[in-house]
Structure formats: structure tokens, C-alpha cells
**Q** 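Take this structure first; my questions come after.
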Number of protein chains: 2
Amino acid sequence: MEKETTIYDIAKGLGVSPATVSRALNNSPVVNKETRQKVFDTATEMGYRSNMFASNLRRKRTHTLGVIVPRLNSHFMSSVIAGMEKVANEAGYNLLISQSLETAKKEAANVMAMFNSRVDGLLVSLAYNTEDISHFSPFIKKGIPLLFFDRVAEHPKCTSIVIDNMQAAHKATSHLVAQGCTNIVHITGNLKRNVYADRLKGYKYALIDNELPFDDSFIISNDLSEEAGMEAAGEILKMNPLPDGVFVANDACAVGCMKILKQAGISIPKDIAIVGFNNDPVSRVIEPNLTTVNNPGHKMGEVAVRNLIIHLDGFSDIVAMNTITLNSELIIRESSLRKG
Amino acid sequence: MEKETTIYDIAKGLGVSPATVSRALNNSPVVNKETRQKVFDTATEMGYRSNMFASNLRRKRTHTLGVIVPRLNSHFMSSVIAGMEKVANEAGYNLLISQSLETAKKEAANVMAMFNSRVDGLLVSLAYNTEDISHFSPFIKKGIPLLFFDRVAEHPKCTSIVIDNMQAAHKATSHLVAQGCTNIVHITGNLKRNVYADRLKGYKYALIDNELPFDDSFIISNDLSEEAGMEAAGEILKMNPLPDGVFVANDACAVGCMKILKQAGISIPKDIAIVGFNNDPVSRVIEPNLTTVNNPGHKMGEVAVRNLIIHLDGFSDIVAMNTITLNSELIIRESSLRKG
DNA sequence: TATTATATTGAAACCGATTGCAGTATTTTG
DNA sequence: CAAAATACTGCAATCGGTTTCAATATAATA
């Protein structure tokens with residue numbers, strides 16, 4: 001196990017000082033071009049690699065971004081992460097990723113771990129049951145940039161990256177109405193999370209705008225898992241009269257719901273039209289194919305990291321914009337098409 | 001932006017030396033229990049957090065594991081990552097994750113990045129077109145543990161975590177035979193990757209063991225995407241006589257294949273029985289539900305990281321086992337059930 | 001030619017935790 | 001009571017870059 005070469009070795013081998021080597025390796029303009037070239041040459045020759053700890057210790061920058069997500073293994077989230085990784089990698093940043101497994105407790109623990117790892121910035125999508133964001137205060141106090149995406153929290157110092165959930169839900173619901181639905185059930189998650197609260201609002205306003213009654217008893221709230229969707233379908237089947245449309249806040253739950261409805265002999269979309277949310281791969285597999293809202297996860301990840309890095313590199317000391325909204329669009333498939 | 005507190009601050013505030021503070025914080029047995037308690041108290045009181053760079057610089061350990069995967073946004077891979085994250089987090093390790101996007105070039109770049117980040121160990125699943133593993137030599141030369149999972153490479157110094165792909169494929173194929181199939185097509189990926197080569201072997205030996213002919217023209221090789229599956233279905237439809245079974249090396253491709261076959265009026269499983277691989281969520285959504293091999297991604301991630309950490313913590317200086325094989329099982333669903 | 005500006009380099013002090021070695025105080029043993 | 005063992009604690013070097021400040025050499029200007 002040979003020893004690591006350091007700038008001191010390079011310096012000795014070249015008869016210059018470590019200071020010069022350091023400057024040369026960092027492309028400092030003050031060092032002579034020939035010297036720099038010589039340094040680079042011997043560096044590669046000796047198999048030198050920079051010791052990031054020494055560097056970080058001195059510079060107090062880690063070039064590492066923390067990411068906390070509820071779960072890694074959903075299509076949407078892994079797309080987000082993929083987008084983040086792409087941009088971060090290109091910009092020379094590392095990603096430290098952890099999952100809260102949907103609990104506020106683990107989220108708080110992860111936040112502290114990230115804090116102790118001294119990440120340069122933190123990207124967060126909140127857990128299902130996070131009540132308040134006081135556990136992020138170490139970051140806010142220290143002025144370390146904190147950025148929320150998808151499941152966001154309001155905070156004057158934090159940027160949020162979202163889609164317009166209300167508008168998307170409005171479109172989805174209006175689409176159902178346009179297809180002739182008048183009794184539309186909405187299945188949603190924890191209303192403390194903006195994404196679900198906003199989708200509910202969009203649903204509600206769409207009904208109102210279309211002069212349909214809004215009825216609390218048409219709202220089913222659960223954890224949006226596939227199993228929960230199956231249970232929700234059971235409830236729907238008991239309703240009298242039977243609803244003729246269902247807008248579900250994610251695709252997994254919509255799929256579970258569809259499975260049971262189909263088993264019960266309901267024809268989709270003829271008896272009940274269904275719209276999901278996220279555009280997960282399953283939405284193009286279930287039969288009939290699921291109408292859904294495309295949630296641009298990959299792009300969201302890219303935008304989030306790019307934004308954070310720009311901020312870190314000091315190019316936008318201006319007032320960081322507080323909310324960035326990405327476009328999403330309704331993808332209409334057979335599960336909701338009752339006309340033409 | 002208040003200044004960071006260091007062990008020096010704690011030392012000063014307590015009238016002891018930094019050395020004692022360091023030892024106390026690391027639970028060294030030599031320091032007096034009362035002293036230790038006092039150190040811990042003032043540490044929390046002053047809002048101390050350890051500076052990992054200083055510590056890493058001195059100890060030459062990063063407590064960070066590198067992970068390189070082909071893509072993050074597949075169900076299998078995100079499950080693996082989730083499992084890894086769980087174990088790593090519990091053991092106080094960080095995860096540095098990057099994706100090769102299935103190209104050997106980016107894989108090599110990521111390896112170097114990991115090397116320069118001085119990860120304590122590296123976990124890799126190879127890219128689609130990686131030809132040799134010479135780009136890992138910096139790790140091997142330096143004796144930094146390198147562990148492959150799923151898509152592995154043979155190397156005397158590296159541990160591999162896999163499932164028994166050959167056996168799984170053998171079971172899958174034999175199952176098709178047991179269902180009365182005699183003309184079985186196999187759709188596979190790049191045969192340089194063990195997973196696909198082994199699945200092909202399993203398919204082949206199953207045919208032989210069941211006294212069916214093995215025919216090269218029944219092998220379709222592509223990139224296993226859903227689109228590729230659709231194209232493959234086109235080829236299958238042109239075959240004369242029409243095959244009565246298809247074993248596909250992953251679920252996404254199997255799904256694409258099924259879509260086209262169904263469109264063409266083929267009845268699954270009556271005309272053609274189908275088996276996939278991985279047990280992706282789509283396999284329980286497509287109709288008929290897809291028979292597939294359960295690939296325990298989450299567990300694979302857990303085992304990989306646990307193994308690596310045990311190795312790093314020096315508990316298994318013995319001869320590290322070279323291959324760990326996890327169990328997988330065939331999950332039989334309607335897409336292949338022609339009897340009983 | 002003397003003076004000033006410019007270019008390039010080096011010495012040494014950091015950054016913050018860890019650890020070998022030595023020192024002191026207290027307790028145990030002979 | 002002296003000698004030896006035990007229990008803590010502190011000093012100071014170390015890890016490997018970065019950066020301030022001063023020094024020297026060379027070129028430009030008066």
C-alpha cells in the first residue's frame with residue numbers, strides 16, 4: 001500500500017515551495033505558466049490526488065449537497081434524484097442522499113447528520129407527517145441554503161421548487177367534468193403537505209367553476225399506497241349513487257383503486273372515469289391506460305440543484321426567488337375518455 | 001453568522017486540554033467519567049459539532065461509501081439504494097451516489113471522482129457496455145475495498161453480491177416447459193453482463209434438461225427497454241411457427257412485448273406464455289399479471305453495505321468471501337399459467 | 001541610472017481533531 | 001513508609017492544503 005503523494009512531494013521533486021504547487025494546481029493566475037505546466041506534469045506523473053479534507057478544512061466548503069427525500073424507491077423520486085445527480089456531477093458537486101422513510105423523526109435525524117457532515121446546501125422533500133420545520137433551524141441560523149422541492153414548506157429564507165399542483169388538479173378535474181362526470185370523488189393524502197392540499201383545492205375550485213357541488217363526503221384521505229387505493233375503491237363501491245369519476249392524487253393509489261373497481265365489474269371509463277397523478281410507468285401499463293398529470297421529476301431535480309449551486313457560487317446574491325414553478329401537463333389516456 | 005465552536009473552545013471553557021476533550025468526545029475509556037460528562041454537557045451547550053474534515057484528515061477515513069449504478073430511476077436500483085442507505089445510515093456511514101447512465105466512459109469518470117473523494121469503499125453495478133474493469137485499478141492498487149452487486153465482474157480481490165441468475169432462469173424456463181411450452185423465445189441484454197449471460201445459460205440448460213432443442217434463432221438481444229420489447233414482439237410475430245413461450249430478462253421489456261402481442265390479438269398465456277424478471281411493480285399491473293422472478297433489491301443493498309462495513313471495521317480480516325448469493329424466487333402469475 | 005511597477009515565489013501561520021509520549025496525582029503493594 | 005502500579009491529563013507533533021505577507025527579480029518609467 002504505497003504512500004499518498006502530497007503537494008510536498010511534488011514541491012520537493014520540483015525544487016519549488018508547496019505554496020507554489022498549491023497555487024499552480026488551483027490555476028491561480030499569479031503563478032508562471034511554465035511552472036504551472038511543470039507542476040501539472042509531475043503531479044500526474046506521481047499519481048497525485050488532492051486531499052479534499054485538507055482542502056475542505058482550510059476552505060470551509062465541502063462541495064457536497066445533502067438530499068433528504070421521503071423514499072428513494074418511487075419513480076418520481078428516483079427521477080428527481082437522477083436529475084440532481086446529473087447536474088451536481090457536472091458541476092463537481094457530490095450528493096449525500098438519505099431518506100426519511102416518511103417519518104418526521106427520521107427526517108430530523110437526517111437533518112442533523114447532514115448538518116454535521118457540513119453539506120454546503122440541503123435539498124428536502126418533506127416526510128408525510130412532518131408537522132413543523134423547526135428541525136431545520138440549524139441550517140437557517142447558519143445561513144446554509146435550504147431548498148425544498150415537491151413537498152415544500154413556506155419559509156421566507158427558503159426557495160421552493162414545485163409544479164402548480166392546484167392548476168394541474170383543476171385541469172384534471174375539469175377534464176373529468178368535460179367528459180360528463182358530475183359525481184367526482186377525490187382521493188388524497190395528508191393535507192399538511194402542500195402537494196395534497198393544493199390538489200384538493202384545484203379539485204374543489206374546478207367543481208365550483210363548473211357549477212358542481214363540492215361535498216366533503218367525496219373526499220377520501222389515506223396514505224396513497226396501492227393498498228390504500230384498493231380500500232378506497234371499496235368505499236367508492238358502497239356509495240349511492242355510484243360516483244362517475246375519481247381523481248386520485250397519485251398513480252400508485254389510482255392503480256390499486258382501478259384494480260378493485262375492475263374486479264367489481266365496473267367499466268372504466270364508461271361507469272367511472274379515473275385520473276391519476278405523476279405519470280408513473282404503471283400509468284401506461286394498467287388497462288385502460290391511466291390519464292394522469294405529468295410530474296417532471298428529472299427536471300425538478302435538475303432545476304433544484306442548478307439553482308442551489310448558482311446560489312452557492314455567489315452569482316445570485318440578489319434576492320433569491322422564493323418559488324420556482326415548473327410546467328406540468330395533463331396526459332389524457334383511455335381511463336377518462338368517454339367522448340370522441 | 002456565528003463562529004463554529006471547536007474542541008478548543010470547549011477546552012478553554014472547561015479549563016482542560018483539547019486532547020482531553022477529543023478523547024472524551026470519542027468515548028475513550030482513559031478519561032474520567034465525570035470529566036467526560038462535563039465535556040459532553042458543555043459541548044451540547046455550546047452547540048458543538050465535530051469537524052469531519054479535521055477528523056478525516058487525521059484519521060484518513062471518510063466514513064463515506066461510494067455507489068455507482070447504471071441508472072437510479074429503475075425500481076430495482078432504487079430499491080437497492082434504499083436498502084444501502086438504511087444500513088449505511090444506521091452504521092454512521094454516508095453514501096455518495098452517482099450513475100454511469102449505462103456508459104463505460106461515465107462510469108470511469110465516476111470511479112475517479114469517487115477515488116478523489118477518498119471513499120472508504122466502493123459499491124458498483126456495472127454499466128451496460130463496460131468491457132473491462134481496468135478503470136477500477138486505482139482502488140485495487142490502493143487496497144480500497146471494491147464490491148460489485150447485481151452486474152458484477154470477476155476479480156479475485158472483490159466480493160460480489162448476486163442472485164443465482166442461472167438457477168432463476170432455469171426455474172423460469174422450466175416453468176414455461178411445465179406449462180406445455182415447447183417453442184420458447186428468450187429476450188436478453190448485453191451478454192457481457194453476467195446477469196444476462198447467466199440467465200441465458202439457465203434458459204439453455206433448462207431446455208436441454210427438458211429435452212427440448214436449443215436454437216440460437218430463438219434468442220433476441222437488445223437493450224431491454226420497453227421500446228425494445230415492443231420491437232422484439234414484432235420479430236416474434238413474424239416467426240413461423242409462432243413461439244408459445246417467451247422468457248424476458250427484465251420486466252420493462254416483457255411489458256413492452258406483451259403490449260404489442262396483445263394488440264396483435266395474441267392471447268396471453270393461451271397462445272404465448274410470458275415470464276419476466278425483477279418483479280417490478282408493473283408486473284402486478286399488466287394484464288394478465290406477469291410471472292416474474294423476484295429480485296431482492298432492498299436486501300441486496302443491505303447485504304452489500306453491511307458486508308462492506310464489516311470489512312472496513314476490520315472484523316473480517318479473514319478471507320473475505322468472494323461471492324454472496326441471495327435467494328430469489330419465481331412468482332407465478334397469470335401470464336404463464338396454462339394449466340391448473 | 002535611479003525609481004517604481006509588475007511578476008513570481010517562499011515562509012509560515014493557519015484550519016480542527018487525533019494521538020504518542022511524558023508528566024502528575026492517587027492508590028495499591030511489599 | 002518506600003516503591004510500584006494505576007488513573008488521568010497535557011504537550012506538541014501531525015494530517016495536507018490554503019493564504020497572507022514579505023521578499024526577490026525583472027521590466028517599465030522617469
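The chains referred to below are lettered A, B, ... by the order of the sequence lines, with proteins before strands, and numbering in each begins at 1.
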**Q** Please list all pairs passing the salt bridge (charged side-chain N to carboxylate O under 4.0 Å, His left out) test where one or both residues lie in residues 119-131 of chain B, with sequence neighbours left out.
**A** B/R61-B/D120, B/E131-B/K192
**Q** Do B/R36 side-chain atoms and B/P29 backbone N/O form a donor-acceptor pair below 3.5 Å?
**A** no
**Q** With sequence neighbours excluded, tell me which residues meet side chain to side chain contact (heavy atoms under 4.5 Å, CB included) with B/N295.
**A**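 B/F76, B/D150, B/I163, B/R199, B/F277, B/N278, B/M300.
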**Q** Does anything in residues 49-57 of chain A reach DNA chain C, meaning a heavy atom under 4.0 Å, and if so which residues?
**A**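 The stretch gives A/L57 as the residues lying under 4.0 Å from the strand, ordered by number.
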**Q** Would you kindly give the CZ-to-P distance between B/R58 and C/dC15, to the nearest whole Å?
**A** 18 Å
**Q** What pairs with B/R58 under salt bridge (charged side-chain N to carboxylate O under 4.0 Å, His left out), at least two apart in sequence or on another chain?
**A** none
**Q** Kindly say whether B/P18 contributes a backbone atom to a donor-acceptor pair with the side chain of B/Y8 at under 3.5 angstrom?
**A** no
**Q** To the nearest Å, how far apart are B/N26 CG and D/dT9 C1'?
**A**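 Those two atoms, CG and C1', are 16 Å apart.
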**Q** So, A/S28 versus A/N26: side-chain donor-acceptor pair below 3.5 Å or not?
**A** no
**Q** Ignoring hydrogens and angles, state whether a donor on the side chain of A/S134 or A/S137 is under 3.5 Å from an acceptor on the partner side chain.
**A** no
**Q** Provide, to the nearest angstrom, the distance between the NZ atom belonging to A/K60 and the C1' atom belonging to C/dA17.
**A** 13 Å
**Q** Test of understanding: with side chain to side chain contact (heavy atoms under 4.5 Å, CB included), list the residues that count as partners of B/A153, not counting sequence neighbours.
**A**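 Counting only residues at least two positions away or on another chain, B/A153 forms a side chain to side chain contact (heavy atoms under 4.5 Å, CB included) with B/L126, B/I133, B/F148.
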**Q** Quick check on D/dG17: is either OP1 or OP2 less than 4.0 Å from any side-chain nitrogen or oxygen of A/Y48?
**A**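 Checking D/dG17 against A/Y48, a side-chain N or O does come within under 4.0 Å of OP1 or OP2.
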**Q** Between D/dT19 atom P and A/I7 atom CD1, what is the distance in whole Å?
**A** 11 Å
**Q** From CD of A/E4 over to C1' of D/dC15, roughly how many Å is that when rounded to an integer?
**A** 12 Å
**Q** Is A/N322 reaching over with its side chain to a backbone N or O of A/C158, donor-acceptor style, under 3.5 angstrom?
**A**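 Confirmed, A/N322 side chain pairs with A/C158 backbone.
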**Q** Rounded to whole angstroms, how far apart are CZ on A/R59 and C1' on D/dT19?
**A**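 Going from CZ in A/R59 over to C1' in D/dT19 covers 11 Å.
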**Q** In whole Å, I'd like the distance from the CG atom of A/L25 to the P atom of D/dG16.
**A**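 These atoms are roughly 15 Å apart.
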**Q** Assign a letter to each nucleotide of nucleotides 4-12 of chain C from its 5' end: B, base within under 4.0 Å of a protein heavy atom; S, sugar-phosphate only; -, no contact.
**A** ----SBBB-
**Q** NZ of B/K12 versus P of C/dG16: gap in Å, rounded?
**A**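 These atoms are roughly 12 Å apart.
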**Q** Identify, between B/R118 and B/R36, the residue whose nearest nucleotide on DNA chain D lies closer to the 5' end.
**A**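 Taking each residue's closest nucleotide, the earlier one in sequence belongs to B/R36.
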**Q** Reckon B/T6 touches a base, only the sugar-phosphate, or nothing at all at heavy-atom distances under 4.0 Å?
**A**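 B/T6: backbone/sugar contact only, no base atoms under 4.0 Å.
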